[in-house]
2 protein chains.
Amino acid sequence: MASKYTIGLDYGTDSVRALIVEVETGREMAGVVFNYPRWAQGQYCDPAKNQFRQHPSDYLEGLEYTITEALKQLPAEVAENVVGISVDTTGSTPVAVDERGTPLSLTPGFENNPNAMFVLWKDHTGVKEAAEINALSSKWAVDYTQYEGGIYSSEWFWAKILHVLREDTGVLRAAYSWVEHCDWIPAILTGKTNPLTLKRSRCAAGHKAMWHEAFGGLPSEEFLTALDPLLAGLRGRLFKDTFTCDVAAGTLTPEWAKRLGLSTSVVVGVGAFDAHLGALGAEIQPYYLSKVMGTSTCDMLIAPLDEVNDKLVRGICGQVDGSIVPGMMGLEAGQSAFGDIYAWFKKVIEWPIATLLPETGLLDDFTKEKLMEEISGKIIARLSEEAAKIPVGESGLVALDWMNGRRTPDANQNLKGAITGLTLGSDAPRIFRALVEATAFGSKAINDRFIEEGVRIDGVIALGGVAKKSPFVMQVVADVLNRPIKVARSEQACALGSAMAAAVAAGIYATTEEAQSKMGGGIETEYHPIPENAAKYVVLYKKYRELGDIIEKG
Amino acid sequence: MASKYTIGLDYGTDSVRALIVEVETGREMAGVVFNYPRWAQGQYCDPAKNQFRQHPSDYLEGLEYTITEALKQLPAEVAENVVGISVDTTGSTPVAVDERGTPLSLTPGFENNPNAMFVLWKDHTGVKEAAEINALSSKWAVDYTQYEGGIYSSEWFWAKILHVLREDTGVLRAAYSWVEHCDWIPAILTGKTNPLTLKRSRCAAGHKAMWHEAFGGLPSEEFLTALDPLLAGLRGRLFKDTFTCDVAAGTLTPEWAKRLGLSTSVVVGVGAFDAHLGALGAEIQPYYLSKVMGTSTCDMLIAPLDEVNDKLVRGICGQVDGSIVPGMMGLEAGQSAFGDIYAWFKKVIEWPIATLLPETGLLDDFTKEKLMEEISGKIIARLSEEAAKIPVGESGLVALDWMNGRRTPDANQNLKGAITGLTLGSDAPRIFRALVEATAFGSKAINDRFIEEGVRIDGVIALGGVAKKSPFVMQVVADVLNRPIKVARSEQACALGSAMAAAVAAGIYATTEEAQSKMGGGIETEYHPIPENAAKYVVLYKKYRELGDIIEKG
């Protein structure tokens, strides 16, 4: 009998990746990445205002390109034996759609309107709206934020919707409903784009939209209209039911089957967030903190429903039945910026090259471009190398990792980053080290919060770009947490997790646990804390917390 | 009758400059600069430890080079008609000397020992010792710090001496006495190097060594030995009398006359600090704050003795009869780092170029060097240009300018710099702007302190590299102070002031005021505050003070 294959489609912040996986073995057959072209040019974004929008065409072009290119690398029988596709995306990344489920930016008159595009997870334009949601929720009979850590974030569904609707009357008039990125891709692929009936992801709804069975679904119409009359009626055009990633959303439409070179019998699974399916692809197990470490972090933990069902964990991003592994409680926390902070610092120190090198008359354009590329490509690696030589505590620098606000513990998107202890001897590697330490301290704050709230942590498993590519960062995090950190083997844990989910949705395996046991890649390496550094970090972490306290108080 | 000339010799942090001036008119005939070669290579320094030392050969080589080269540019009769040389230097920049007044680093066995070299003004290795001086002084019958603002600084004479003597037993055994840079150069030129009799500068002694007439000179032997028995007997090998800059130290030795191509009748004036003679060269007048704005700032004010003699100004660097203008009270304050902060940031963002550009195989060595030079030379100007476009308050960044500690108000060298309000949108120009604003806020804190202490300020006159070359910085300072700032015309105010002092020491003019009126260059330009910005800075300055308070307390 021929092997069967599933495709995991992983939409990250900068690019989308398709991974074709052999279902029986988990063998990764082929993978192709597509960088969003409009996004790469900074279109529709305004970093100074924390406005980050993505155009649906970036997603659609990437969908077709990555799958068809990956299939091209393989024998024709692979395409014939693909049985499922599942999708993971960033989130909360919602878009305003019309009655047919088409994002407004794909309809006439809205082509270049950022408010008609996907509002990317890290867009913080809805800070004010999040604060209003929190204020109203705290005095409402039902606290709708209780399963989302008690604090609603500007990174989430309702804050973003309310902000856009207030800001843009054109979008307000034209928006029939709103759809998360992870729900829109399966809807497109299956042709089931009707916003009233398309299958909505449990993890997006439960962690970001205040959906909970105990509330009978989304927050009440009364609550939403009290928040703003602008929202009147929207609840009825959203959803009541949600679905876990083991459920099928449908099968490929003839049109998409043809475009992708696949059969119309291919099952498309209900989508989920990248981190959640990444945890699946990266050996998640009960009471292990699964850390997706990339531009930001997502820290996930699963636990048997009966052990944590009645426990409300204060200050995290949510606890949702089945959001990560169907049948388990999924708890989520995370840092709003992690690798993004290193990238920010890189950009700051790259300014002379980016600004002044292009102007020189000493070089031709080709050499300029080559040179910029070469230097830019080496910066983080060399900074890491130099920073690793600096003894813990030597620089006296203490930084705060809130350059993109703080997601957990205790969401507060108004917070900002800081670097203190600066002297004229604080060079780039020392500052970089302090920034890395700050991100590690942010990780420890989350780790400690779970434990304070009575959720034990038996171990840490890391995945994501930073986990795979930055031994220096990983060692600092292990030292700061004073815990060993296992790194999952798969280079593409999110895409692999999606492929696993697709195998369950397509009926190959009965549960995600079974898919994990057959398709999982195991552990690649483990970082062990250095006791001497760990001891020093106890002191530095205290300073970080004290600095955070005084900065937060004002 | 032939014109007469004096030479002002100005030793800055990085270089020495000789300026030949026509005494009758103040016409600047020729000027030559010499960069200290050992210093330029970073020898004997450890910025991470705030250790900054300078080798006496850097000074001597520069002395001969600058004067002879300047004279070469002029007709022979100029050299024949030079009547005086005066010297200004950084300070407190003391060196350990033997019985003949020779710096230990010019004696066998100490050639490469940084502790046997000049301890540059910005060296902060004596932080602990400064704290001990303050602690002892606060409980002593006489508060020896009272004329130095009430807080002794690690940048000053005794803290540096004590630190070096404790750290280096070789220097401890060999050091007979200690001499300030501004006293050593006149001593060398006149051959009067005996530490017991060489003429000591009033401004160095009064502002940095706790010398005061009311104390009968330096702090008592009891005080000094209570501070540390290591200091026993040193007081007797230092000095009792001090001299203002209108006094002659002697005439050129035959050897130096020959080396410089001058007559042995040339009078050498008593030296002074660069800022003080700079104020003289830059139109200082009573109750005008004269700000030397360079790597650091020195903020000086003169007032009639009878008006301020009994007033103790809290938290400044000192008040000394005749330290700036003989016959007037000289009050001094200043910021430990000003332009140094911009240079620090430049170095941080230049790291990729300095580190990675030299390694590329794309360019030959000559092109690499040219390119680095070109980019490096443009950074500050372009940052200023971009930063100037950013509206006041737009970035949300607030920085503290204490990267080199805080000199005034209320000296505290343990303080460090900080940047707060960082987001992922905080780019290099925004951070640069915040740093410029922080240095301007540091200026305002000094301005406000004088006024709080009852010393009125009628106007501001700026001089120094930043004042002349950075319209962006000057506008920000004018906006923050909400005062017009006049910029003195002379490009070389310190050297010109030295040349004025030399004219008085040589007997051409009776007073420095007379020399100023004949030789002064007037005002070149004036910056006027922009009311809209000034109003916004009231709010931001409050934030800077609040941030400073919480950082200082915590």
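This is a predicted model, so every value here is computed, not measured. Here is how names work: the chains are called A, B, and so on, in the same order as the sequence lines, proteins then strands, and each is numbered from 1.
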Pair B:Asn115-B:Arg53, side-chain donor/acceptor within less than 3.5 Å | yes

Tell me, side chain or backbone of A:Leu397 under 4.5 Å from chain B's heavy atoms, or both, or neither?
-> neither

B:Lys347 versus chain A, the contacting section by heavy-atom distance below 4.5 Å = neither

Between B:Glu350 and B:Ser376: side-chain donor-acceptor atoms closer than 3.5 Å = yes

Among B:Leu371, B:Asp427, B:Asn404, which has the most heavy-atom pairs under 4.5 Å with chain A?
-> B:Leu371

No-hydrogen, no-angle side-chain donor-acceptor test under 3.5 Å, B:Trp121 and B:Thr13 | yes

A:Glu155/A:Arg407 ion pair, N-O < 4.0 Å | yes

Take atom NZ in A:Lys346; do more than 12 heavy atoms of anything else shown fall under 6.0 Å from it?
-> yes

Which one of A:Ala337, A:Ala48, A:Pro352 has the most heavy-atom pairs closer than 4.5 Å to chain B?
-> A:Pro352

Among A:Lys49, A:Arg382, A:Lys378, residue most engaged with chain B (heavy-atom pairs, under 4.5 Å) | A:Arg382

Picking from A:Gly417, A:Ala399, A:Gly405, which has the most non-hydrogen pairs under 4.5 angstrom with chain B?
-> A:Gly417

Residue among A:Leu363, A:Asp46, A:Ile551 with most heavy-atom pairs under 4.5 Å to chain B = A:Leu363

Contact part of A:Ser426 toward chain B, heavy-atom cut-off under 4.5 Å: side chain, backbone, both or neither?
-> both

Please state whether the side chain, the backbone, both or neither of B:Leu383 comes within less than 4.5 Å of a heavy atom of chain A.
-> both

Chain B interface, residue from A:Leu424, A:Asn50, A:Thr420 that has the most non-hydrogen pairs under 4.5 Å | A:Leu424

Using non-hydrogen atoms only, which part of B:Leu357 is less than 4.5 Å away from chain A: side chain, backbone, both, or neither?
-> both

Does the distance from a Lys or Arg side-chain N to an Asp or Glu carboxylate O, for A:Lys370 and A:Glu374, drop under 4.0 Å?
-> no

So which heavy atom on A:Thr408 is nearest to which on A:Cys317, and how close?
-> CG2-SG, 3.4 Å

Taking NZ, NE, NH1 and NH2 as the nitrogens, is one of them in A:Arg433 or A:Glu386 under 4.0 Å from a carboxylate oxygen of the other?
-> no

